[in-house]
J.: 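Right, I'll just put the structure down here and ask away after.
Numbering of ligands and ligand atoms starts at 1, following listing order. In what follows, every heavy atom counts, from backbone to side chain, and hydrogens, waters and symmetry copies are set aside.
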Amino acid sequence: MIVTTKQLFDHAYGKYAVGGYNINNAEQIMGLFEGCIESKAPFIIQISRGARGYTDKRMLEGMIRSADEIFPDAIFAVHLDHGTEEAAMDCINSGFYSSVMIDASHESFDENIAITKRVVDAAHAKGISVEAELGQLGGVEEDIVVSEESANLTVPSEAKEFIERSGCDSLACAFGTSHGAYKFTTSQGLHFEVIEEITKLVPGFPIVMHGSSSVPQDEVERINAAGGKLGGAKGVAEEDISKAAPMGVTKVNIDTDGRLVWCRVHREMFRDQPEVFDLRPAGKVFMSEYAKYIVHKNEVLGSAGQVDDLRKTL
Ligand code: G3H
Ligand code: 13P
Ligand code: ZN
């Protein structure tokens with residue numbers, strides 16, 4: 001069942017975080033739904049602009065509609081990840097999305113507010129909620145590359161002003177994470193003091209953590225043992241994620257970890273079964289391994305086991 005992102009956040013805030021999982025194809029959608037059904041977890045399925053252009057946005061949307069039919073017990077929201085104003089407006093007008101992200105974090109403070117407010121006005125008129133971003137994460141984000149040194153942590157007082165002036169419903173804040181498989185080359189861990197300060201200033205307001213993949217080291221080792229070259233890949237400690245969730249970090253975005261599962265499954269298959277040329281054996285293993293990853297991650301987020309209680313509030 002597709003619900004509003006607000007319904008998910010209202011239930012989760014201060015107790016657990018909802019996983020915001022990026023998907024690009026049918027295998028990822030199947031693994032995600034299977035994992036969330038098994039762990040009885042609500043979730044947010046998110047589509048980046050890159051994902052919308054990979055096959056065709058209608059293909060992805062169609063597959064999500066089908067997954068909703070195949071898994072009638074699933075409770076989830078559909079979200080645009082890192083949208084431009086144009087992409088956000090397209091999603092708002094499509095009538096399919098529960099929420100959109102407008103990412104104008106690379107603009108000046110005032111321009112970020114102005115762009116976000118335009119999206120908020122259009123979205124709220126249709127009952128859709130809006131995630132905005134303030135501060136800059138390190139790493140690669142769509143076509144923008146930000147080095148770790150030039151990543152700017154969110155200033156809590158600015159976050160409060162930004163939320164009040166833009167009217168956004170959740171805010172992606174920079175407190176030490178970065179996108180991709182190489183986080184923390186020069187520094188280590190999350191800035192919990194930033195999270196604490198923000199939630200003190202805007203109690204009850206959902207904070208979003210981007211760049212939350214944990215980059216499991218066993219996964220990296222298996223990839224490298226099968227011919228990969230991911231030396232030095234490192235992610236967010238799972239204890240840090242579990243600690244941040246009850247502090248008001250209500251949505252936790254994960255993309256890279258799913259790519260690592262895909263990479264490991266396919267590299268090992270090509271190494272160990274060079275005679276196989278059918279795409280389905282590896283696809284089957286990937287769906288099941290990704291589902292296992294999702295089950296584990298929902299435990300870390302605290303979203304596992306929440307669906308029945310959430311259902312009573314809908
Ligand atoms: O934050 C970015 C997400 O990982 C999406 O990545 O734009 O390559 O689909 P993508
Ligand atoms: P990761 O690269 O850590 O998976 O972050 C994904 C993300 O923030 C999507 O918006
Ligand atoms: Zn992101």
J.: Which bit of Ala181 is near ligand 2, meaning a heavy atom under 4.0 Å away: side chain, backbone, both or neither?
T.: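 Neither; nothing of Ala181 gets under 4.0 Å from ligand 2.
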
J.: Do you see a donor-acceptor pair shorter than 3.5 Å between the side chains of Ser99 and His79?
T.: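 Yes.
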
J.: Please list, in number order, the atoms of ligand 1 under 4.0 Å from a heavy atom of Ser48.
T.: 5 (C), 7 (O), 9 (O), 10 (P)

J.: Do any nitrogen or oxygen atoms of Asn22 lie less than 3.5 angstrom from nitrogen or oxygen atoms of ligand 2?
T.: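 No - when backbone and side-chain N and O of Asn22 are compared with those of ligand 2, no distance drops under 3.5 Å.
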
J.: Under 4.0 angstrom from ligand 2, any heavy atom of Lys183?
T.: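 Contact present.
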
J.: Report yes if Ile254 has an N/O atom closer than 3.5 Å to an N/O atom of ligand 2; otherwise report no.
T.: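 No.
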
J.: Answer with side chain, backbone, both or neither: which part of Asp81 has a heavy atom less than 4.0 angstrom from an atom of ligand 1?
T.: side chain

J.: What are the atoms of ligand 2, with element, lying closer than 4.0 Å to any heavy atom of His210?
T.: 8 (O), 10 (O)

J.: Looking only at distances, can you tell me whether any N or O atom of Asn24, backbone or side chain, sits closer than 3.5 Å to an N or O atom of ligand 1?
T.: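 No, Asn24 has no N/O under 3.5 Å of an N/O on ligand 1.
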
J.: Applying a strict under-4.5 Å side-chain criterion to I, L, V, M, F, W and Y, I'd like to know whether Ile37 and Val295 cluster together.
T.: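 Result: no, two separate clusters.
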
J.: Tell me which protein heavy atom sits closest to atom 2 (O) of ligand 2, plus the residue, atom name and distance to 0.1 Å.
T.: Thr256 OG1, 2.6 Å

J.: Check His82 against ligand 1 and report side chain, backbone, both or neither, counting heavy atoms closer than 4.0 Å.
T.: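 Within the 4.0 Å criterion, His82 contacts ligand 1 through side-chain atoms alone.
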
J.: As an exercise, identify every atom of ligand 2 less than 4.0 angstrom from a heavy atom of His82.
T.: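 In order of numbering, the contacting atoms are 10 (O).
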
J.: With rounding to 10 degrees, what does the angle His179:NE2 / the Zn ion (ligand 3) / His82:NE2 come to?
T.: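 The NE2/NE2 angle about the Zn ion (ligand 3) sits at 100°.
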
J.: Pull out every atom of ligand 2 sitting under 4.0 Å from any heavy atom of Gly180, numbered as shown with elements.
T.: 2 (O)

J.: What pairs with Tyr290 under ring-ring contact (aromatic ring centres under 6.0 Å, His included), at least two apart in sequence or on another chain?
T.: Phe286

J.: Please verify whether a non-hydrogen atom of Arg259 lies at under 4.0 Å from ligand 1.
T.: yes

J.: With heavy-atom distances below 4.0 Å as the criterion, list the atoms of ligand 1 near Asp255.
T.: 3 (C), 4 (O), 5 (C), 6 (O)

J.: Is it true that atom OH of Tyr54 has more than 12 heavy atoms of other residues, nucleotides or ligands lying nearer than 6.0 Å?
T.: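 Incorrect, the count does not exceed 12.
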
J.: Any nitrogen or oxygen of Ser212, side chain or backbone, less than 3.5 Å from one on ligand 2?
T.: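 For ligand 2, there is an N or O atom that lies under 3.5 Å from one belonging to Ser212.
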
J.: Taking NZ in Lys15 as the centre, count heavy atoms belonging to other residues, nucleotides or ligands within less than 6.0 Å. Is the count above 12?
T.: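 Yes, enclosed.
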
J.: His210: which N/O/S atom is nearest the Zn ion (ligand 3)?
T.: ND1

J.: Can Lys297 and Glu238 be counted as an ion pair, charged N to O under 4.0 angstrom?
T.: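 Looking at Glu238 together with Lys297, the answer is yes, because their closest N to O distance falls below 4.0 Å.
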
J.: In terms of side-chain heavy atoms, does Ser108 have a donor or acceptor partner in Glu111 at a distance below 3.5 Å?
T.: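 The answer is no; no qualifying pair exists.
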
J.: Quick one: look at Asn22 and ligand 1, take heavy-atom pairs under 4.0 Å, and tell me if it's side chain, backbone, both or neither.
T.: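 Side chain only.
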
J.: Give me the residue, atom name and distance of the protein heavy atom closest to atom 9 (C) of ligand 2.
T.: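 Atom 9 (C) of ligand 2 sits closest to the protein heavy atom Asp81 OD2, 3.2 Å.
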
J.: Can we say Lys117 and Asp121 salt-bridge, meaning some charged N sits less than 4.0 Å from an Asp/Glu carboxylate O?
T.: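 Salt bridge present between Lys117 and Asp121.
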
J.: Could you identify the single nearest non-hydrogen protein atom to atom 8 (O) of ligand 2 and state the distance to 0.1 Å?
T.: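 Minimum-distance protein heavy atom for atom 8 (O) of ligand 2 reads Gly211 N, 2.9 Å.
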
J.: Can you list everything that forms a side-chain contact (heavy atoms from CB on, under 4.5 Å) with Met1? Sequence neighbours excluded, please.
T.: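 With neighbours one apart ignored, the set is Val3, Ile75, Arg311, Leu314.
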
J.: With side chain to side chain contact (heavy atoms under 4.5 Å, CB included) as the test, pick out the partner of Ile223 among Val265, Asp218, Leu260.
T.: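 That would be Leu260; it is the only one of Val265, Asp218, Leu260 passing the side chain to side chain contact (heavy atoms under 4.5 Å, CB included) with Ile223.
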
J.: I'd like to know if the side chain of Asp169 pairs up with that of His124 as donor and acceptor (distance under 3.5 Å, no hydrogens or angles considered).
T.: yes

J.: Any side-chain donor-acceptor pair under 3.5 Å between Thr116 and Ser166?
T.: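 No pair is found: no donor N or O on one side chain lies under 3.5 Å from an acceptor on the other.
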
